[in-house]
Amino acid sequence: MAMTVATFQPKTLRPKSPYLLPNLPRRVCNFKAFSLHNPQLPSLVGQFEPTIPIERAGTPPSSWYTDPSFYSLELDTLFYRGWQAVGYTEQISNAGEFFTGRLGNVEFVVCQDGDRKLQAFHNVCRHHAMLLAYGSGRKSCFVCPYHGWTYGLDGALLKATRITGIQNFNEHEFGLVPLKVATWGPFILLNMEQNVDSDPGSVQNEWLGSSAEVLSNNGIDTSLSFVCRRDYVIECNWKVFCDNYLDGGYHVPYAHKGLASGLNLDGYSTTMYEKVSIQKCESGSTERKNDFDRLGSKALYAFVYPNFMINRYGPWMDTNLVLPLGQRKCQVRFDYFIEASLKDDTDFIERSLKDSERVQMEDVMLCEGVQRGLESPTYNVGRYAPTVENAMHHFHCLLHKSLTE
């Protein structure tokens with residue numbers, strides 16, 4: 001039997017139609033609408049009071065870390081709104097390069113098209129919902145592995161196989177559904193919302209606010225070279241990892257004795273911005289000039305709400321992207337970058353990564369232990385150490401605001 005293939009010429013203008021799907025995941029809604037289907041949620045959210053000063057405040061209840069309906073609310077109100085870090089520009093520095101990812105239930109693909117324009121789409125074929133691409137690589141088009149529907153790197157439907165007899169079908173209405181995409185420095189950002197401004201100034205203001213200048217002036221830029229990526233799947237709620245990061249170095253002398261020996265924890269400082277907190281610490285490594293030193297003279301740890309960390313120390317920058325996988329599981333993605341002068345120093349790089357790996361495994365143990373404790377019937381609400389855990393309190397206040405808007 002002969003196969004009939006329809007090949008189309010893409011158009012830049014596409015008419016509105018019921019087949020043109022919205023950018024937002026269908027489940028996105030505000031807190032009031034979500035609460036109609038989950039009547040216990042207002043009570044759960046209300047158990048944390050952001051207006052109480054940190055000296056008298058209790059932490060969010062354990063249900064914020066264990067309740068499945070609370071996790072669903074977070075996806076809708078945190079991760080499907082606003083700018084989210086998803087990758088770095090070096091991943092798609094050439095025409096045709098792409099990478100894929102998943103945030104909640106949203107499958108996405110980011111690519112550089114033939115005109116060297118940055119593009120992002122829902123990674124879902126418009127025919128029968130098959131994922132189009134996997135991992136990363138370089139392509140001239142996206143071909144669905146299920147039935148061969150083919151899309152250009154600009155998202156236009158180029159070819160649909162065996163559709164003889166189909167009616168009420170306009171190929172220009174069946175392109176890939178686009179996502180808003182932008183960059184800041186070396187980072188690629190996505191936004192699931194439809195009516196957002198992707199102008200660089202607006203993106204910077206919404207994502208980083210007044211912290212942008214501080215980060216730029218402290219070596220967070222495109223001059224660094226990518227080294228490697230390491231992923232950790234951790235049996236804990238995504239917020240447990242963030243809380244651990246935001247305790248102002250409180251846990252370092254107890255859980256990271258090797259790291260603590262290279263840091264001057266008495267000089268730890270924390271500054272809060274609109275959606276960012278920055279922790280700074282002087283390094284003690286200058287006293288050991290002849291020893292291996294990956295930390296340099298100072299370290300900066302920036303948390304960008306809700307789930308992205310930027311760590312700049314010595315010649316290194318590493319980023320931590322915390323991806324929720326359910327109410328008690330997350331994936332933390334570490335991307336390592338180094339200053340160009342050391343990118344070929346394999347011994348230094350290997351020793352640095354070995355030290356970093358030890359710290360990460362210590363944190364995995366801590367986070368999984370905390371999650372098990374949160375699930376214990378004996379624990380509900382804790383307290384803050386006011387002089388060191390102010391960034392954590394700031395994070396919880398931002399969470400409350402997002403959850404109730």
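Everything numeric in this text was worked out from a predicted model, so none of it was measured.
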*Residues in salt bridge (charged side-chain N to carboxylate O under 4.0 Å, His left out) with R328, at least two apart?*
E235, E375
_Suppose we screen for ring-ring contact (aromatic ring centres under 6.0 Å, His included). Which residues come up paired with Y151, at least two apart in sequence or across chains?_
none
*ring pair (Phe, Tyr, Trp, His ring centres under 6.0 Å): pairs with one or both residues in residues 181-200, sequence neighbours excluded*: F187-F308
*Those residues that, when tested against H400, pass ring-ring contact (aromatic ring centres under 6.0 Å, His included) (two or more places apart)*: none
*Judged by atom type as modelled, is there a donor-acceptor pair below 3.5 Å linking the side chain of D113 to the main-chain atoms of K117?*
yes
*Can you name the residues that form a side chain to side chain donor-acceptor pair (under 3.5 Å) with N380, not counting sequence neighbours?*
none
*Will you find, in the side chains of Y232 and E357, an N or O donor that is under 3.5 Å from an N or O acceptor?*
yes
*Residues in ring-ring contact (aromatic ring centres under 6.0 Å, His included) contact with F241, at least two apart in sequence or another chain*: none
*Identify, with sequence neighbours excluded, every residue that meets salt bridge (charged side-chain N to carboxylate O under 4.0 Å, His left out) alongside E206.*
none
*Within 45° of the axis and under 6.0 Å from the centre of the six-membered ring of Y65, does NZ or CZ of K239 qualify?*
yes
*Could you list the residues that satisfy salt bridge (charged side-chain N to carboxylate O under 4.0 Å, His left out) with E274, not counting sequence neighbours?*
none
*For E362, what residues pass the salt bridge (charged side-chain N to carboxylate O under 4.0 Å, His left out) criterion, not counting sequence neighbours?*
none
When the side chains of residues 130-141 are checked against the rest of the protein, which donor-acceptor pairs come out under 3.5 Å, sequence neighbours left out?
| residue | atom | partner | partner atom | Å |
| --- | --- | --- | --- | --- |
| R138 | NE | A95 | O | 2.8 |
| R138 | NH2 | A95 | O | 3.2 |

For a quick test of your reading: what N or O donor-acceptor pairs under 3.5 Å do the side chains of residues 334-346 make, sequence neighbours left out?
| residue | atom | partner | partner atom | Å |
| --- | --- | --- | --- | --- |
| D335 | OD1 | R229 | NE | 2.6 |
| D335 | OD1 | R229 | NH2 | 3.4 |
| D335 | OD2 | R229 | NH2 | 3.0 |
| Y336 | OH | S356 | OG | 2.6 |
| E339 | OE2 | R312 | NH2 | 3.1 |
| D345 | OD1 | F348 | N | 3.1 |

*All pairs passing salt bridge (Lys or Arg N to Asp or Glu O under 4.0 Å) where residues 97-108 contributes a residue, at least two apart*: R102-E107
